[in-house]
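Start at 1 and go down the list; that is how both ligands and their atoms are numbered.
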Amino acid sequence: MSDNKKLFNITSRFIPSSEIGEIKELGDGLINSTFVVVSPKGERTHVLQKINHHVFTDVAGLMFNIDAVTRHLRKKGVMTLHFLPDTSTGKLWVETEGEYWRLMDYIPDSVSQNVVSPESSNIVGKCFGQFEAQLADIPEHLNDTIPNFHNMESRLGQLDESRAKCTNSERLQKSKELLDGIDAVRDEMTLGEKLGRSGKLPKRICHCDTKVNNILFSKTTGDVLCVIDLDTVMPSFVFSDYGDFLRFAAATAPEDEPDITRMHFNMEIFKAFTSGYIESTKPFLTPIERENLPFAATLFPYMQTVRFLADYLDGDHYFRANYPEHNFVRARAQFALYKDAVAHVDAMKEYINSLP
Ligand code: GN1
Ligand code: MG
């Protein structure tokens, strides 16, 4: 069966085949594969996605979360994704040939962005803060769709394991400098888990993948339409949403920049995002959370260094690598960002203290 025929068959489990014209690849996520369904008239109507079940091993648990989250948001009148059930089973996914697929409505007039201006990052800061606020009273208990996803201790444990098991001496040799840099600050970088254990840092429902391209904007007005990519919505420290956004948006170069002299931490983006985020999280953010936001801005590039390097030493099984050294290049760029974020911690603290 051709790929196209297969995509067509899967889509027709959710919607009548007469409504399906073309199905085309879409997006640049590193985990799931995404397609856009176009009607015979040429309108984009749905988004078809193959769930990476090696990453999300509990598909039912994942779709339970997404169903709960989208229903909760919709009840509050907040625009969100809408997933369609398989017409024969009523489930929000289809399982076929060991693969898992889902279909959602295409959001018209929408566009995603990969770069932000200070102005748009202020809006995005408010938006992700509001997202946490809107989900604070969700009645369901949400699953950890990826256990220990943003747990720094556990990520370091995985790196240790990949390092111990790695038989590729060239990769090990190449990673040595980064590994030394990571090791030197392990203790301080696991602050979140320590605060969590002592009861000082709560878990909240977070998005956990707050990249700019996980927000849809209106093509016409430029306004925020909705938050997408809900797979990792789960209980986490607020550090996740705050820190991961800045990792992506406050970086002056792409996350896989080969020339690390181009990688810096942009304080203008930091300020704009932070003031938006603090404004919309005011009702619940505790002093400990607020005080440690600069730490979170250093934690995420550090964590991503650890994750990319662990995957590199493990043979590139997790992150889609476009060339053999891609995960190494990514790790090196993230570590450069981490170091520059560390150099700005005092300035970050000063700015946060100046905010109401
Ligand atoms: C993955 O698939 P994508 O690009 O939205 C990853 C994030 C990483 C990111 C790095 C489930 O997100 O945690 O920060 O790549 N998602 C998962 O680009 O591991
Ligand atoms: Mg994504």
Side-chain angles (χ1 to χ4, degrees), residues 25-35 47 49-59 61-63 65-66 69 81 100 102 104 112-116 124 128 131 142-152 154-155 158-159 162 206-216 226-237 239-251 253-258 263 296-312 314 316-323 326-338 341:
E25 191 143 18
L26 175 83
D28 52 5
L30 301 187
I31 305 294
N32 297 316
S33 311
T34 308
F35 304 84
V47 172
Q49 211 167 36
K50 180 164 101 179
I51 303 170
N52 182 332
H53 69 280
H54 303 289
V55 171
F56 299 102
T57 48
D58 174 14
V59 173
L62 167 74
M63 293 313 291
N65 278 16
I66 290 188
V69 166
L81 297 175
Y100 297 81
R102 64 186 173 199
M104 63 195 110
S112 69
Q113 301 178 358
N114 267 312
V115 282
V116 283
V124 170
F128 279 124
F131 185 81
L142 297 190
N143 303 300
D144 285 343
T145 55
I146 301 179
N148 295 317
F149 186 47
H150 282 165
N151 181 320
M152 197 57 246
S154 141
R155 293 299 183 184
Q158 284 172 347
L159 176 64
S162 301
C206 292
H207 182 275
C208 294
D209 190 12
T210 45
K211 293 194 285 199
V212 194
N213 62 10
N214 282 335
I215 289 188
L216 293 182
C226 82
V227 174
I228 59 166
D229 203 347
L230 306 174
D231 294 324
T232 51
V233 177
M234 64 178 128
S236 197
F237 301 134
F239 297 174
S240 290
D241 287 353
Y242 179 82
D244 211 19
F245 174 84
L246 288 174
R247 176 185 81 76
F248 203 77
E255 75 173 4
D256 60 353
E257 173 61 55
M263 185 59 106
T298 66
L299 175 64
F300 275 79
Y302 178 82
M303 190 183 301
Q304 204 59 58
T305 310
V306 169
R307 293 179 64 193
F308 283 143
L309 198 62
D311 197 35
Y312 176 68
D314 191 41
D316 308 319
H317 295 300
Y318 191 91
F319 295 106
R320 189 176 300 154
N322 300 335
Y323 55 91
H326 204 169
N327 277 318
F328 175 77
V329 170
R330 286 171 171 148
R332 196 179 52 186
Q334 292 300 300
F335 202 65
L337 179 62
Y338 159 73

Student: Could you tell me whether Asp231 approaches ligand 1 through its side chain, its backbone, both or neither, with non-hydrogen atoms closer than 4.0 Å?
Tutor: neither
Student: Parallel, tilted or perpendicular: which one describes the rings of Tyr312 and Phe328, with boundaries at 30° and 60°?
Tutor: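 It falls in the tilted class, 30° to 60°.
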Student: Can you find a non-hydrogen atom of Phe248 under 4.0 Å from ligand 1?
Tutor: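 Contact check Phe248 vs ligand 1: negative.
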Student: List for me each residue that meets side chain to side chain donor-acceptor pair (under 3.5 Å) alongside Asp144, sequence neighbours excluded, and say none if there are none.
Tutor: none
Student: Which atoms of ligand 1 sit under 4.0 Å from any heavy atom of Tyr318?
Tutor: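 With Tyr318 as reference, the close atoms of ligand 1 come out as 11 (C), 17 (C), 19 (O).
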Student: Just distances here: any N/O of Asp209 and N/O of ligand 1 closer than 3.5 Å?
Tutor: yes
Student: Under 4.0 Å from any heavy atom of Ile146, which atoms of ligand 1 are there?
Tutor: 11 (C)
Student: Identify, by atom number and element, the atoms of ligand 1 in contact range of Phe56, meaning under 4.0 Å from any of its heavy atoms.
Tutor: 11 (C)
Student: For Phe300, is the nearest heavy atom under 4.0 Å from an atom of ligand 1?
Tutor: no
Student: Examine Lys211 against ligand 1 and note whether any of their N/O atoms are separated by less than 3.5 Å.
Tutor: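 Lys211 vs ligand 1: N/O contact under 3.5 Å present.
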Student: Check for a donor-acceptor pair, side chain of His207 on one end and backbone N or O of Asp229 on the other, with a separation under 3.5 Å.
Tutor: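 Yes, because the side chain of His207 sits within donor-acceptor range (under 3.5 Å) of the backbone of Asp229.
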Student: Do the side-chain N and O atoms of His326 and Asp256 include a donor-acceptor pair separated by under 3.5 angstrom?
Tutor: yes
Student: Look only at interatomic distance and state if Thr232 has a nitrogen or oxygen under 3.5 Å from any nitrogen or oxygen of ligand 1.
Tutor: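 The answer is no, given that Thr232 and ligand 1 share no N or O pair closer than 3.5 Å.
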Student: Using a plain distance cutoff, I'd like to know if Glu255 has any nitrogen or oxygen under 3.5 Å from a nitrogen or oxygen of ligand 1.
Tutor: yes
Student: Would you indicate which of Arg320, His150, Arg307 comes nearest to atom 13 (O) of ligand 1 when only heavy atoms are counted?
Tutor: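 It is Arg307 that holds the nearest heavy atom.
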Student: Applying side chain to side chain donor-acceptor pair (under 3.5 Å), can you list everything that pairs with Thr34, at least two apart in sequence or on another chain?
Tutor: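 Partners of Thr34 by the side chain to side chain donor-acceptor pair (under 3.5 Å) criterion, ordered by chain and then number, come out as Gln49.
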Student: Tyr302 vs Phe335 aromatic rings, parallel, tilted or perpendicular, using cut-offs 30° and 60°?
Tutor: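 Plane angle between 30° and 60°, so tilted.
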Student: Show your reasoning for whether ring-ring contact (aromatic ring centres under 6.0 Å, His included) applies to His54 and Tyr318.
Tutor: CA-CA 9 Å; His54 303 289; Tyr318 191 91; over 10 Å; no
Student: Does a donor on one side chain and an acceptor on the other come within less than 3.5 Å for Asp58 and Asn143?
Tutor: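 There is no such pair between these side chains.
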